[in-house]
Protein chains: 2
Amino acid sequence: MAKKKPSTKWRSGCPLNASVEILGDRWSLLIIRDMVLRGFRSYKEFLESYEGIATNILADRLQKLMAHGIISSQPDPLDGRKLIYSLTAKGIDLAPVLTEMVLWAAAHEETENPGLVRQIKMDKKQFLAAARRRWTESVRNDRRMLEVTKEDERVSRENRAGDIKSLV
Amino acid sequence: MAKKKPSTKWRSGCPLNASVEILGDRWSLLIIRDMVLRGFRSYKEFLESYEGIATNILADRLQKLMAHGIISSQPDPLDGRKLIYSLTAKGIDLAPVLTEMVLWAAAHEETENPGLVRQIKMDKKQFLAAARRRWTESVRNDRRMLEVTKEDERVSRENRAGDIKSLV
DNA sequence: TCATTTTACTTGCAAAATGCAAGTTAAAAA
DNA sequence: TTTTTAACTTGCATTTTGCAAGTAAAATGA
């Protein structure tokens, strides 16, 4: 499932340190946020998000998140130029980290999006359950789409075979 | 209470972005961890922690954490070379962020300190309550120590005054 | 009391990460 | 079949990080 294990050689064995080494930069968690909370799935969407990430940094972060097994990618069957990025189970498990960081900043800094904050405060568990449900749905949906695509390919292969036969 | 407001000019108003701009580096949260979980309070202790932070980076991070009102510092009344760093309320409020990051890494990476992880998993609320209790205690204790020191100074001032009088 | 040690830094410099602008390539749309 | 679009890559300047070596003030030891 995971793409590749990064050379698990942490500065220390402390679990917090592992988190910080993987996620401790100014962009990774924002990409995760866009996926968990806003359902973003493509390079273009991430690029056009609020904070304005640079193209090379985005490409680098997507690669690293994949290397850490937090996201995965597949070609879009409907548009060959696109890659569809998905959260893995490891990725959606970051939702509680996100929500706590949102609550902390909302409590101590001047921030926007009071609707989001209110929702989390009102019922954190339900908020997380909803996020996970959306994720489960999208995984199911991707699988379905993949099957349809495979079927399409099978049919088109048969058609080509038919064409060739008709040429003989 | 807070030292100074940093020029609140975020890349975006999203609360998660604020958190990431303040805490999104490879060291800040480790310093907070050392304070919340291990009770560290001096430059030297932070310096000797597991991950081996460089002296200049540590000085820089301590300054930034102070500028953000996450920690504060006071001279050690028992040793004039030392500064005692303390978590502010804003600082101790980061405990839930820490615990979620610990749980995430423990679930998905090879890490050590299973005792800590077991404790958090067993009863997260109680774990956080204990961390906060330790913090409240240390705040109370600091205040007490400060008063004792002030009394000492008053006495020593009187003694000096007495000495001067005795010289006249 | 006077040299030594300790604490909390600073400074200088090399290496790595970040950010911006300008390509590039393959696929889709007009 | 020309033009757009999506997802990058490249080059280069700026910033951040990390290491090693100071420094100043206070405490400690002889």
Side-chain angles (χ1 to χ4, degrees), chain A residues 6-7 9-12 17 20-31 34-35 40-68 71-86 149 152-153 156, chain B residues 6-7 9-12 17 20-31 34-35 40-68 71-86 149 152-153 156:
Chain A
S7 63
K9 212 67 211 143
W10 309 116
R11 294 178 298 194
S12 85
N17 178 61
V20 162
E21 286 199 54
I22 295 170
L23 305 164
D25 71 270
R26 298 166 80 70
W27 295 107
S28 298
L29 282 172
L30 294 179
I31 295 171
D34 283 344
M35 298 185 84
F40 283 8
R41 309 196 61 182
S42 71
Y43 187 93
K44 190 174 184 264
E45 286 175 304
F46 300 134
L47 207 60
E48 289 170 353
S49 191
Y50 308 128
E51 291 85 6
I53 190 171
T55 57
N56 53 346
I57 306 294
L58 175 56
D60 178 76
R61 287 312 116 89
L62 289 171
Q63 243 192 67
K64 281 181 179 161
L65 289 172
M66 287 208 286
H68 284 296
I71 64 174
S72 63
S73 71
Q74 59 184 108
D76 187 337
L78 303 175
D79 185 339
R81 295 167 303 179
K82 283 193 182 172
L83 271 185
I84 299 177
Y85 292 96
S86 313
T149 308
D152 283 357
E153 278 166 5
S156 113
Chain B
S7 63
K9 211 66 208 146
W10 309 117
R11 295 178 298 194
S12 84
N17 178 62
V20 162
E21 287 199 52
I22 296 170
L23 305 166
D25 72 89
R26 298 165 78 72
W27 294 107
S28 298
L29 283 172
L30 294 179
I31 295 172
D34 283 344
M35 298 184 84
F40 283 9
R41 309 196 60 182
S42 72
Y43 187 91
K44 189 174 184 264
E45 287 175 303
F46 299 134
L47 207 60
E48 290 171 352
S49 191
Y50 308 129
E51 291 84 6
I53 189 171
T55 58
N56 55 343
I57 306 294
L58 175 56
D60 179 77
R61 287 313 116 89
L62 288 171
Q63 241 192 69
K64 281 181 180 162
L65 289 173
M66 287 208 285
H68 284 295
I71 65 175
S72 64
S73 71
Q74 61 185 105
D76 186 337
L78 303 175
D79 185 338
R81 295 168 301 179
K82 285 193 183 172
L83 271 186
I84 299 177
Y85 292 97
S86 313
T149 308
D152 283 357
E153 278 165 6
S156 113

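So you know, we letter chains A, B, ... as the sequences are listed, proteins then strands, and number each from 1.
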How many whole angstroms separate atom [atom1] of [X] from atom [atom2] of [N]?
X: A:Q63; N: D:dT9; atom1: CD; atom2: C1'; result: 11 Å
X: B:E45; N: C:dT6; atom1: CD; atom2: P; result: 16 Å
X: A:Y43; N: C:dA26; atom1: OH; atom2: C1'; result: 15 Å
X: A:L83; N: D:dT9; atom1: CG; atom2: P; result: 11 Å
X: B:F40; N: C:dT7; atom1: CZ; atom2: C1'; result: 16 Å
X: B:L47; N: C:dC9; atom1: CG; atom2: P; result: 11 Å
X: A:Q74; N: D:dA6; atom1: CD; atom2: C1'; result: 16 Å
X: B:E51; N: D:dC19; atom1: CD; atom2: C1'; result: 18 Å

- Have a look at A:Y85 and say if it touches a base, only the backbone sugar-phosphate, or nothing, with a 4.0 Å heavy-atom cut-off.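 Sugar-phosphate: the residue A:Y85, judged by heavy atoms under 4.0 Å, touches backbone atoms but no base.
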- Heavy-atom protein contacts under 4.0 Å, nucleotides 14-24 of chain C, coded B base, S sugar-phosphate only, - none: ----SBBBB--
- Query: Relative to the ring of A:H68, is the ring of A:W10 parallel (under 30°), tilted (30 to 60°) or perpendicular (over 60°)?
  - Reply: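 The rings of A:W10 and A:H68 lie parallel, inter-plane angle below 30°.
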- Message: Around atom CZ of B:F40, are there more than 12 heavy atoms from other residues, nucleotides or ligands closer than 6.0 Å?
- Response: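 Buried by this count: over 12 neighbours within 6.0 Å.
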- Would you find more than 12 non-hydrogen atoms of other residues, nucleotides or ligands less than 6.0 Å from A:Q63 atom CD?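 Not buried by this count: 12 neighbours or fewer within 6.0 Å.
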Extract from the structure each pairing of a protein N or O with an N or O of nucleotides 26-30 of chain D at less than 3.5 Å, listing the distance.
from	atom 1	to	atom 2	distance (Å)
D:dA26	O3'	B:G80	N	3.4
D:dA27	OP1	B:G80	N	2.7

Search all heavy atoms of [X] against all heavy atoms of [Y] and return the closest pair with its distance.
X: B:Q74; Y: B:S86; result: OE1-OG, 4.1 Å
X: B:D76; Y: B:L78; result: OD1-N, 2.7 Å
X: B:L83; Y: B:S73; result: CD1-OG, 4.2 Å

- Message: Can you tell whether the side chains of B:K44 and B:E48 come within less than 4.0 Å, N to carboxylate O?
- Response: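 A salt bridge is present here (some side-chain N lies under 4.0 Å from a carboxylate O).
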- Query: Any ion pair linking A:R61 and A:D25 (charged N to carboxylate O, less than 4.0 Å)?
  - Reply: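 Result for this pair is yes, salt bridge flagged.
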- Under 4.0 angstrom between A:K44 side-chain N/O and D:dA7 OP1 or OP2: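 No.
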- Query: Is A:K82 near enough to D:dA6 that one of its side-chain N or O atoms lies under 4.0 angstrom from OP1 or OP2?
  - Reply: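 For D:dA6, neither OP1 nor OP2 has a side-chain N or O of A:K82 closer than 4.0 Å.
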- Message: Under the criterion side-chain contact (heavy atoms from CB on, under 4.5 Å), I'd like the reasoning laid out for B:Y43 against B:T55: C-alpha separation, chi angles, the key distance, then a yes or no.
- Response: CA-CA 9 Å; B:Y43 187 91; B:T55 58; 3.3 Å; yes
